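Notes for the one structure printed next.
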Amino acid sequence: METDDLKTQRYEKIERLKELGAQPYARIYDRTHECSDIVENWEKLAKNEESVSAAGRLITIRNMGKASFADMVDGSGRVQVYFKKNKLPEGKYDIFKLLDIGDIIGVKGQVFKTRTGEITIFVEDFSLLTKSLRELPEKFHGLRDVEIRYRQRYVDLIANREVKKLFETRMKIIRHIRNFLADRDFLEVETPMMQSKPGGAAARPFTTHHNALDMDLYMRVAPELYLKRLAVGGFERIFEINRNFRNEGVSTKHNPEFTMLELYQAYADYNDMMDITEALVADTVQAVHGTLKITYQDQELDFTPPWTRIKWFDAFREIGGVDISVSVTKDELLGICEEKNISMDTSLNMGQIIDKLFGLTVEEKLVQPTFVYDYPTEISPLARQHDDAPELTERFELFVSAFEVANAFTELTDPTEQMRRFEHQQELRDAGDEEAHEIDHDFIRALQYGLPPTGGLGIGIDRLVMLLTDSPTIRDVIFFPLLRPEK
RNA sequence: GAGCCGUUAGCUCAGUUGGCAGAGCACCGGACUUUUAAUCCGGGUGUCCCGGGUUCGAACCCCGGACGGCUCACCA
């Protein structure tokens, strides 16, 4: 046999099937049960001698001459099917013999239990519904090659059932979060993904172009500034779960497009945001695992509230071993880096250095859920400063297993102060910090109409899903992670 | 963007000192009417990622490239 030709073989089989009266690509099939229903309710079904119909993909075939067993899976699970030549309509067994692993079929028959105890459909009649032209990966080892798994996720989902389960968990987590927020009277809204001015986070955007209007547009790096505009408009409890796009590195924790929850609550502050974060995450962990203690990459994580809350400068000193105050100078910081053998790009600005140093000395040690709060104003351009300490903001981040999961603050509502912050950002930008904010005059205008005191929260959904599914890389929780094109 | 590692049959993987390209599953042919990674007999289906080089001879050694993974950098 020539090589090319599994597909050739299968095209030939299609012709033979057609000659035998089978349609290789059927329109529809009426099912009475899903596979798992049949397995769960088999006693009743067998006793009543009910004829059931089910459909699914053949994943194994054990041929024994004039009879054969096969396993069939549908969206619910797996069931065994039994084809016996003299129980099928005349000539139908010849059609069965032309079926391959990977084909999708519909079967009709009675349920019974084999002498080895396997619940099985005794097929009285069946139809080919969709012929498969490609071989599925080997049944025993499954599909391991991560490149094929990510590029051809459809094969991964067929070959590795636990991958399908993982994504089902992802969807359940998101649904759970939506329900949690709906129960608390939050409305889900949608704001622009394409923005003429990207804002709301310190990140480099993707650029695109609108032809008819001949204008450059940016894929959003965050919905924040639009959501706050809606808060100005009178929406007191809103959230958005949607994609953000950042034109930055790809890693086990970063994909260029990722899913973010942002929520805003009027007449609330960052303490309320800590409470809602704790409740939302703990509730979701409980819903997925039935417990608040889970394992992530061999680490025990305990989500039982209350979680540790530590001030940013206290964390820096107690956990990072960096004893500084908010009046620290750039030279002092660089001295500390040298002392600690941390290589630091000296051209970075003050905020970038202090943020990076915090990341390197503190974050990696925050394994159990920990709120770090009261961030420097320098690195928090959209957060409200403390009344009695304007160099600090009412902002926190949540860390779990050494990575950031949430970021929240009491929103800055004073348009004059916001303008000052934007102007400072613009200076940083002019000095070479490409991630610093541009001035958004319309956002200032919105604040001038009056944003009520508001608390805001962002949670990285992909990272939360990683934690709850014990996934070592973000690519495992995104159906189609970004890869370079093939060939 | 940098360093390290990987790429061999549809899939999972071996491949000796540089000397005819291998196994299991899948697939094809045959046997088998309750199997469970069914079993038994027969069959190897290949651009060894790509392009150069060294050599009598390269999957193997050297150079360049592609894609992927990990670590770092950047970030969430």
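The sequence lines fix the lettering, A, B, ..., with proteins before strands; numbering per chain opens at 1. Given the structure is predicted, the values throughout are model-derived calculations rather than measurements.
- Glu118(A) comes within contact range of at least one nucleobase, with a heavy-atom separation under 4.0 Å.
- A26(B) sits 16 Å from G10(B) when the P atoms are compared, rounded to a whole Å.
- Taking the side chain of Arg484(A) as heavy atoms from C-beta on, and the options U35(B), C67(B), A76(B), the nearest nucleotide is C67(B).
- Residue contacts shown for Asp355(A) are absent, as no nucleic acid heavy atom lies under 4.0 Å away.
- For the pair Arg243(A) CZ and A76(B) P, the interatomic distance rounds to 18 Å; values are reported in whole Å.
- Both Arg78(A) and Ala406(A) lie close to RNA chain B; mapped to their nearest nucleotides by heavy-atom distance, the more 5′-ward contact belongs to Arg78(A).
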N/O donor to acceptor pairs below 3.5 angstrom from side-chain atoms of residues 464-478 of chain A, sequence neighbours left out:
{"residue": "Thr469(A)", "atom": "OG1", "partner": "Val465(A)", "partner atom": "O", "Å": "2.6"}
{"residue": "Thr469(A)", "atom": "OG1", "partner": "Ser471(A)", "partner atom": "OG", "Å": "2.8"}
{"residue": "Asp470(A)", "atom": "OD1", "partner": "Gln297(A)", "partner atom": "N", "Å": "2.5"}
{"residue": "Asp470(A)", "atom": "OD1", "partner": "Gln297(A)", "partner atom": "NE2", "Å": "3.0"}
{"residue": "Thr473(A)", "atom": "OG1", "partner": "Arg475(A)", "partner atom": "N", "Å": "3.0"}
{"residue": "Asp476(A)", "atom": "OD1", "partner": "Tyr150(A)", "partner atom": "OH", "Å": "2.9"}

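- More than 12 heavy atoms of other residues, nucleotides or ligands sit less than 6.0 Å from atom NZ of Lys92(A).
- Note: CZ (Arg10(A)) to P (U45(B)) measures 19 Å, nearest angstrom.
- Near RNA chain B, meaning a heavy atom under 4.0 Å from it, residues 128-164 of chain A has Glu135(A), Pro137(A), Glu138(A), Lys139(A), Phe140(A), His141(A), Gly142(A), Leu143(A), Arg144(A), Asp145(A), Val146(A), Glu147(A), Ile148(A), Tyr150(A), Arg151(A) in order of number.
- Distance CE (Met72(A)) to C1' (U35(B)): 17 Å, rounded to an integer number of Å.
- Comparing C56(B) with C49(B), their C1' atoms are spaced 27 Å from each other, to the whole Å.
- In this structure a side-chain-to-backbone donor-acceptor pair under 3.5 Å is present from Ser132(A) to Arg134(A).
- Here Arg475(A) lies in heavy-atom contact (under 4.0 Å) with sugar-phosphate atoms only.
- Aromatic rings from Tyr82(A) and Phe122(A) are positioned such that their centres are separated by under 6.0 Å.
- Listed by first and then second residue, the salt bridge (charged side-chain N to carboxylate O under 4.0 Å, His left out) pairs involving residues 40-58 of chain A amount to none (not counting sequence neighbours).
- With a cut-off of 3.5 Å on both pairing distances, the Watson-Crick or G-U wobble partner of C27(B) is G43(B).
- For residues 57-71 of chain A, proximity to RNA chain B is found at Arg62(A), Asn63(A), Met64(A), Gly65(A), Lys66(A), Ala67(A), Phe69(A), defined as any non-hydrogen atom under 4.0 angstrom from a strand atom.
- Counting to the nearest Å, the P atom of C28(B) and the NZ atom of Lys97(A) are 13 Å from each other.
- Rounded to whole Å, atom P of A26(B) lies 14 Å from atom CD of Gln9(A).
- Scored by the salt bridge (charged side-chain N to carboxylate O under 4.0 Å, His left out) test, Arg78(A) finds Asp71(A), Glu118(A) as partners (sequence neighbours excluded).
- Using C1' as the reference atom, C40(B) and C50(B) are 43 Å apart when rounded to the nearest Å.
- Nucleotide A66(B) is matched to U7(B) when pairs are restricted to Watson-Crick or G-U wobble geometry with both distances under 3.5 angstrom.
- When both distances must be under 3.5 Å, the Watson-Crick or G-U wobble mate of C61(B) is G53(B).
- One P atom belongs to C67(B), the other to G22(B), and the distance between them is 33 Å to the nearest Å.
- Summarising the geometry, the separation between NZ on Lys84(A) and P on C32(B) is reported as 15 Å, rounded to the nearest angstrom.
- Here Asp440(A) contributes atom CG and Tyr226(A) contributes atom OH; the two are 7.0 Å apart, rounded to the nearest 0.5 Å.
- The ring of Phe83(A) has its center no closer than 6.0 angstrom to the ring center of Tyr93(A).
- Shown here are the side chain to side chain contact (heavy atoms under 4.5 Å, CB included) partners of Tyr218(A), two or more places apart in sequence or in another chain: Pro198(A), Pro205(A), Thr207(A).
- The nearest whole Å value for the distance from the CZ atom in Phe112(A) to the P atom in U33(B) is 16 Å.
- Position along RNA chain B of the nearest nucleotide to Arg463(A) versus Leu483(A) favours Leu483(A) as the more 5'-ward residue.
- Atom CG of residue Leu17(A) and atom CG of residue Leu99(A) lie 7.0 Å apart, to the nearest 0.5 angstrom.
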